[in-house]
Amino acid sequence: MTTTIRTQVGILGAGPAGLLLAHLLQKAGIDSVVIDGKSRDEIEGTVKAGIVESPAARVLAESGVSDRIYREGAKHDGIEFHVDGNAHRFDFQDLVQKSVYLYPQHEVLTDLIAARIRDGVPPLFGHLAESVQDAETTRPRIVGTTTEGEAFEISADVVVGADGSGSIARIPVCGSQRNGHYREYPFAWYGVLAEAPPSSDELIYSRSEQGFVLISTRDKNVQRMYFQCDPLLDASTVSDAEIWDTLQAGVSGTTLKQGPIIRKDVLRFRSFVAHELRKGRVFLMGDAAHTVPPTGAKGMNLAFSDVLWLNQALRSFFATGSEALMDAYPENALQRIWKAQHFSYWMTSMLHIAPDATEFDKLRSLGELASVTGSRSAQAYLAENYVGLDYGVGDWD
Ligand code: DHB
């Protein structure tokens, strides 16, 4: 027995991209069904990055998801770069009159899921998609099984793959899951959550001979910190003492406040852009369409750009039957995707030392950092990208 659900838009993935799209479509009277193989607890408990750009915060608040970000998020008006122990502050308010919000992604997810429940259309958790069929017909389908072992099928006018970096929707769209532009990096981040008070009011991105260190925060009791490591390192093999030594060596001018480490993980670095973002009636967005390395925390912020372009295209399609904006979706979305790819790559390469770096490479990147910190125009360029470029597409009411 297969349960068939009929909807206008079938969305794979109850992450930030899929949930925001469902919310915006509903505001235009378009029905959607969001499915995810994971449970609600697993989704809300996943540790992800903590920075929400100012345009992303506006979308969440102004579209009626929640304004909790403005009430409970911490507004950050700048960041620090520490280069071999010398601190430089980027003053976002002075440079571009904008800020970012320290508001962990699981809080955004909590708000988005609460909004779906509030609006009477909860996501279907525990619904694992196995394939997307009939992309090039007017009735594409998502086929899968629930965690209880029941077969289901979602029959839609449009299917959206917002199913993350292991996306199965990529198969009908790109021909395979790996079909895209790739860049691998010879390093990763070792990430920790520690129960300790904050060591700094603002985020510190530090580059020294020891490698990269990032001091971030979650709230007044829990801190998020990262240091550069080998991508093959097993997180469980590093002792708490070694972690504190490495972090402290990276930020010599700041004394870190220590406490119990409650989580350790290794984050792989990769840049990826799928070769195609659309095949017939199936579209990709968010991590299903692209991956950025974590430096600068662009992942979710970039996903919202895809959401806004696709929301505009689908609203137009369901209102008029015209596919013009659906046709334009890949080109529109890719403009920001490549800008964010560049920014994430640039922040990464400027602040890390590759294991095979030559003396020339190291000195050149110090020259680059001196150029950026020493020029108001360059600082403004970094700030403009860090706080978030305007999305350039509205339709969120
Ligand atoms: C965080 C992660 C990032 O990648 C970043 O650039 C800044 C902050 C974080 O998890 O807090």
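When a residue number appears, it is its place in the shown sequence, counting from 1. All ligand and atom numbering here is 1-based and tracks the order in the structure.
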Q: List the steps, then state whether side-chain hydrogen bond (donor to acceptor under 3.5 Å, both in side chains) holds for Ser99 with Asp77.
A: CA-CA 5 Å; Ser99 302; Asp77 294 335; 2.6 Å; yes

Q: Give the minimum heavy-atom separation between Ala57 and Val52, together with the two atoms involved.
A: N-CG1, 3.7 Å

(Q) Side-chain heavy atoms under 4.5 Å apart, restricted to Ile/Leu/Val/Met/Phe/Trp/Tyr: what other residues fall into the cluster of Tyr190, or is it alone? (A) Val192, Ile204, Val213, Ile215, Met225, Phe227, Leu233, Val238, Ile243, Trp244, Leu247, Val251, Leu256, Ile261, Val266

**Q.** For Asp356, all residues meeting side chain to side chain donor-acceptor pair (under 3.5 Å), sequence neighbours excluded
**A.** none

Q. Hydrophobic clusters join Ile, Leu, Val, Met, Phe, Trp and Tyr when side-chain heavy atoms are under 4.5 Å apart, directly or via other members; which others share one with Ile142?
A. Ile5, Leu12, Val33, Ile35, Leu124, Val132, Phe152, Ile154, Val159, Ile168, Val173, Val282, Leu284

Could you give the N/O to N/O pairs under 3.5 Å linking ligand 1 and the protein, each with its distance?
from     : atom 1 : to     : atom 2 : distance (Å)
ligand 1 : 4 (O)  : Pro294 : O      : 2.6
ligand 1 : 6 (O)  : Tyr205 : OH     : 2.7
ligand 1 : 6 (O)  : Gly296 : N      : 2.9
ligand 1 : 6 (O)  : Ala297 : N      : 3.3
ligand 1 : 10 (O) : Gly50  : N      : 3.3
ligand 1 : 10 (O) : Arg218 : NH2    : 2.7
ligand 1 : 10 (O) : Tyr226 : OH     : 2.6
ligand 1 : 11 (O) : Ser216 : OG     : 2.6
ligand 1 : 11 (O) : Arg218 : NH1    : 2.9
ligand 1 : 11 (O) : Arg218 : NH2    : 3.4

Q: Go through the steps for Asp306 and Arg336 under the test side-chain contact (heavy atoms from CB on, under 4.5 Å), then give the verdict.
A: CA-CA 9 Å; Asp306 304 343; Arg336 193 196 179 89; over 6 Å; no

